[in-house]
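Since the structure comes first, as structure tokens, the remarks are kept for the end.
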Amino acid sequence: MQFGFLRSSLNAFVLLVGTDSNLERYAKMARLLIKKKEEILGEYILKRKPKIFVGNKKGNDIILKDRNISEFHCVITLNDGKYLIKDQNTIAGTTVNGKVISEKELENGDLISIGPYTILYLDNNFSKNGDECYLLGIYGKFICKKYSIKNTDTFIGREQFSPRGIENDIILANDMTVSKGHAKISLNGKQYVITDVGSTGGVAVNGVKVGQLDSMNIEPGDEISIGRSIFRFVNSKNEDYSFPVKQRVFMLKIMKPASIILSVCVVTISLILAIFGWSRLSILTNYSQKLSLELNNDFKKDIPLENSNEYDITSTPAIGDIKGDGKNGIVMLGATGFLYGWDFKTGKDLWKQIEVFNSNETSPMLVDVNSDNSKDIIILSDSSMLLIYDGQSGNLIRREILGGKISETTPLAADLTGNGKMDIVVCSEDGMVDFLYNAGSEADFEKYTEFVEGPLYASPVLYQTKDIAPMVVVASNNGKVYFIDGKTRTKKTVDLVEQTGKAHLIAGAPAVGDINGDGIPEVVVQTNVPQYISAIDVVKFRVLWTFFVEQPTPPADIKHNASPVITDGNVFVVSANGTIYNLNGKTGYPAGELLWKLQLPDAKRMIASPSMYDFDKDGHDEFVIATEDGKIVVIKNNIRRREFEILAEIKASNVPITSSPLIADAFGTGKLNIIFVNSNNALQVINTNAKIIKNLDAWPMFLGNPSHTGLHGISKYKSKYRKMLFLGVLIFALFSTFKIIRAIKKSSKKVKVRFL
């Protein structure tokens with residue numbers, strides 16, 4: 001039974017949408033057309049069933065719902081190649097061609113009347129006597145309706161009778177654009193003719209008005225407008241329900257091509273979004289080969305400087321689309337006090353070097369300060385000035401005179417007030433924290449100064465969550481950490497010496513990140529001498545744990561220390577004593593918990609802050625560190641095994657590397673580069689085989705981003721391309737669903753063709 005049903009459904013589908021040859025094949029089979037007046041409600045092709053039951057109860061082959069029809073009203077039986085109809089002793093009776101019958105052999109064209117329904121019987125030779133003709137609704141209220149055309153006169157109107165008392169065969173009810181007596185279709189010999197019998201709204205054939213009381217010949221395929229509805233005149237060989245194409249109404253003429261164009265555009269846009277999002281996401285998430293490092297000898301910038309055995313942390317360059325051309329450039333502060341800018345692709349200067357009078361300890365920031373969609377350069381000078389330069393031209397945009405020694409820290413750039421503008425925070429060594437609030441104009445900065453206990457050797461960082469307003473975190477060398485609300489300017493203090501009983505000489509920027517998995521970031525600070533790493537709960541403003549870095553003690557001639565970084569709930573620290581530490585941020589031990597430590601051969605000191613990027617695309621960041629013996633090392637943190645793995649390393653410099661490494665596609669090749677500056681003030685580039693989206697930055701400046709939160713921006717790109725992929729799939733799915741529902745809805749209105 002199931003296979004028979006499937007086969008019947010398939011045959012019906014082929015009949016509805018198949019070729020002319022299929023239609024001709026089924027036209028040779030006997031059929032029953034269920035009608036009310038001339039409206040065809042159903043069609044049954046008599047293929048194999050010997051008995052066909054008709055009635056108003058479930059279980060009949062043909063169900064006709066009406067109270068005047070008996071539950072099992074009549075039966076049509078196949079007997080020796082002929083079909084017989086037999087009444088089942090009903091009260092209302094069964095009529096064939098106007099005569100009540102008890103039993104009768106059916107002949108081609110017999111009209112069976114049962115209650116308000118009529119059943120037209122067409123035998124397997126009916127096509128020899130001429131094709132049946134129909135009106136198919138293709139636009140308007142009666143779309144997908146099917147009406148048979150008689151071989152005599154077929155009257156069309158809104159009601160059962162026209163004003164002249166003529167009974168309408170096709171009733172287009174409840175449509176006031178159709179007159180009570182509207183049109184007539186007649187067969188004149190072998191030619192069909194349509195006549196406007198005096199309608200108000202008129203009749204048109206293929207967009208041409210017939211005229212009141214006038215007639216016009218019609219052929220299969222012609223489109224007939226009656227009121228606001230359009231019908232197609234067809235024969236049984238070509239039942240075409242497609243959209244009207246022969247009308248002279250402009251909107252109707254363009255509707256089909258417009259629909260096709262719209263469909264193509266929607267599908268194209270959705271596919272582009274999905275494919276683009278998937279391809280970019282694939283680049284950021286798929287890892288296929290072992291990481292390799294190679295020194296790039298084609299791009300090297302040397303700023304003349306005599307090498308000295310005495311050195312400290314030096315300025316970290318900043319990389320980004322400085323010219324606004326979609327390609328990366330780099331800005332660098334030299335030890336001689338000049339600001340340089342180069343185009344990575346060509347190696348040419350972006351502009352003439354700019355003298356800023358800085359001793360090469362502050363790092364430049366690339367931020368759009370004036371909201372002109374191009375990068376501006378923020379730098380601090382030894383003369384206590386904040387300088388802002390236009391990245392494209394190198395021209396000075398803003399000069400702000402500040403107090404105190406500010407040249408050894410890096411400014412913080414972030415939107416502290418929620419107005420969409422980048423505010424700037426600068427710390428001076430003597431304890432002044434200057435807030436420059438950006439109102440949007442180049443000449444309009446509101447200055448506010450907060451005083452804390454100095455000295456301040458650490459750059460300020462940003463603390464912000466969805467529920468906590470932006471706070472500026474300032475770490476003092478005396479062991480106090482200040483949290484200053486960027487909008488209300490209220491201040492809270494965590495005294496590490498008081499809470500831990502240990503001296504905390506902080507000389508590096510704090511790290512911000514969620515170390516205990518509660519969704520709320522903590523702040524981690526690293527001290528210089530002695531070396532402690534302490535984690536601070538910002539909700540309760542208390543110390544969670546403090547880890548003591550064992551001997552050897554780092555040399556005292558280095559004023560600053562590297563900043564820690566946080567990833568996967570672990571705290572990663574490089575020490576000036578040449579050892580790397582990885583701490584469990586979620587530990588419940590007050591003294592902290594060491595997961596692993598690594599002493600690199602020949603790496604006496606590491607003072608440059610580490611960088612992070614997920615090179616092997618496993619969802620966990622690797623660490624990029626620079627050493628005193630000139631090595632760049634990429635270290636993988638194995639979360640489950642609580643151990644490390646060196647993914648790659650290279651001897652990149654003959655002198656110590658003193659800047660934090662940058663990670664970006666510098667040359668637009670789709671491969672990541674690692675950029676660094678050594679103690680000779682030489683800028684160098686390492687090529688890797690790690691794939692990334694062209695010209696994308698992973699760790700473009702000091703601590704990874706302008707806000708100094710230590711978080712790089714790859715996650716936002718992953719989120720962006722996931723959304724793009726989802727949007728493309730969603731648009732395609734919604735559009736496809738809409739088209740399917742529309743097709744099903746239209747198909748449900750069509751006359752059902754079933755096999756019996």
Side-chain angles (χ1 to χ4, degrees), residues 301-308 310-320 322 329-342 349-367 369 375-391 394-413 424-430 432-434 436 454-460 507-509 558-560 563 607-609 656-660 662 675-683 700-703 706 708:
K301 299 296 180 180
D302 290 304
I303 311 300
L305 178 69
E306 182 181 351
N307 185 29
S308 173
E310 295 183 4
Y311 53 84
D312 200 341
I313 292 174
T314 57
S315 173
T316 297
I319 187 172
I322 301 170
I330 190 166
V331 293
M332 171 185 169
L333 179 64
T336 53
F338 285 88
L339 181 67
Y340 301 86
W342 299 285
D349 293 339
L350 296 178
W351 14 257
K352 187 178 179 181
Q353 62 192 49
I354 304 168
E355 190 170 13
V356 296
F357 302 104
N358 188 284
S359 55
N360 193 31
E361 289 178 343
T362 182
S363 297
M365 293 283 102
L366 280 177
V367 185
V369 177
K375 300 287 187 181
D376 304 311
I377 306 163
I378 305 175
I379 201 75
L380 302 178
S381 77
D382 288 345
S383 55
S384 299
M385 284 195 297
L386 169 77
L387 305 170
I388 303 176
Y389 292 91
D390 179 73
N395 294 328
L396 182 66
I397 297 176
R398 175 82 177 173
R399 179 190 290 112
E400 189 75 27
I401 300 175
L402 304 173
K405 185 179 181 180
I406 62 174
S407 58
E408 292 187 4
T409 61
T410 300
L412 163 68
I424 302 171
V425 181
V426 179
C427 289
S428 69
E429 189 172 316
D430 55 358
M432 288 192 299
V433 184
D434 290 313
L436 299 174
L456 300 180
Y457 301 145
S459 300
I558 296 180
K559 184 177 181 179
H560 301 88
S563 298
I607 60 175
S609 298
I657 300 174
T658 49
S659 80
S660 179
L662 303 181
I675 302 99
F676 65 90
V677 175
N678 63 24
S679 60
N680 272 354
N681 223 213
L683 184 146
M701 62 186 77
F702 181 62
L703 294 187
H708 295 188

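These values consider heavy atoms only, across backbone and side chains, with no hydrogens, waters or symmetry-generated copies. The chain is numbered in sequence order, starting from 1.
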- Closest heavy-atom contact between Ser315 and Ser659? O-CB, 3.4 Å
- Please examine the side chains of Tyr389 and Val356, heavy atoms only from C-beta on, and report whether any two atoms are closer than 4.5 Å. yes
- Item | Shortest non-hydrogen contact between Leu366 and Met701, atoms and distance | O-CE, 3.5 Å
- Item | Least distance between heavy atoms, Ala458 atom then Gly508 atom | CB-O, 3.3 Å
- Message: Quick one, Thr409 and Tyr457 - any side-chain contact, counting heavy atoms below 4.5 Å?
- Response: no
- For Thr314 and Thr658, what are the C-alpha separation, side-chain angles and deciding distance, and is it a side chain to side chain donor-acceptor pair (under 3.5 Å)? CA-CA 5 Å; Thr314 57; Thr658 49; 2.6 Å; yes
- Determine whether Leu662 and Pro317 make a side-chain contact, defined as any pair of heavy atoms from C-beta on separated by less than 4.5 Å. yes
- Interatomic spacing from CZ in Phe357 to CZ in Phe338 - rounded to 0.5 Å: 7.0 Å
- Task: Determine, stepwise, if the pair Leu339 / Trp351 fulfils side chain to side chain contact (heavy atoms under 4.5 Å, CB included).
- Result: CA-CA 10 Å; Leu339 181 67; Trp351 14 257; 4.3 Å; yes
- How long is the span from the CD1 atom in Ile424 to the CG atom in Leu412, to the nearest 0.5 Å? 9.5 Å
- Any side-chain heavy-atom pair of Glu361 and Ser407 under 4.5 Å: no
- Item | Least distance between heavy atoms, Met432 atom then Gly404 atom | CE-N, 3.7 Å
- Note on the structure: Taken to the nearest 0.5 Å, the spacing of Leu402 CG from Leu380 CG works out to 7.5 Å
- Looking at side-chain heavy atoms only, is the closest gap between Pro460 and Val433 below 4.5 Å? no
- Item | Nearest-0.5 Å distance that lies between atom CG in Leu387 and atom CD1 in Ile397 | 11.5 Å
- Message: Assess the residue pair Asp430 and Lys405 against the criterion (side chain to side chain contact (heavy atoms under 4.5 Å, CB included)); give the C-alpha distance rounded to whole Å, side-chain angles, the decisive distance to 0.1 Å, and a yes or no.
- Response: CA-CA 7 Å; Asp430 55 358; Lys405 185 179 181 180; over 6 Å; no
- Query: Does the side chain of Leu456 reach to within under 4.5 Å of the side chain of Glu429, using non-hydrogen atoms?
  - Reply: no
- Message: With side-chain contact (heavy atoms from CB on, under 4.5 Å) as the test, pick out the partner of Ile388 among Glu400, Arg399, Arg398.
- Response: Arg398
- Test side-chain contact (heavy atoms from CB on, under 4.5 Å) applied to Pro411 and Thr362, Val367, Ile406, the passing residue: Thr362
- Query: When you measure from the side chain of Thr316 to the backbone N and O of Phe702, does any donor-acceptor pair fall under 3.5 Å?
  - Reply: no
- What is the minimum heavy-atom distance between Val677 and Met332, and which atoms define it? CG1-CE, 3.9 Å
- So how far is it from Leu386 CG to Leu436 CG, rounded to the nearest 0.5 Å? 6.0 Å
- Any donor and acceptor pair, going by atom type alone, linking the side chain of Ser563 with main-chain N or O of Ser609 inside 3.5 Å? no
- Does Asn358 reach the side chain of Ile379, with side-chain heavy atoms less than 4.5 Å apart? no
- Ile378 and Ala413: which non-hydrogen atoms are nearest, and at how many Å? CD1-CB, 4.2 Å
- Message: Would you compute the distance between atom CD of Glu408 and atom CG of Asp382 and round it to the nearest 0.5 angstrom?
- Response: 8.5 Å
- Task: Using a 4.5 Å cut-off on heavy atoms from C-beta on, say whether the side chain of Leu683 contacts that of Trp342.
- Result: yes
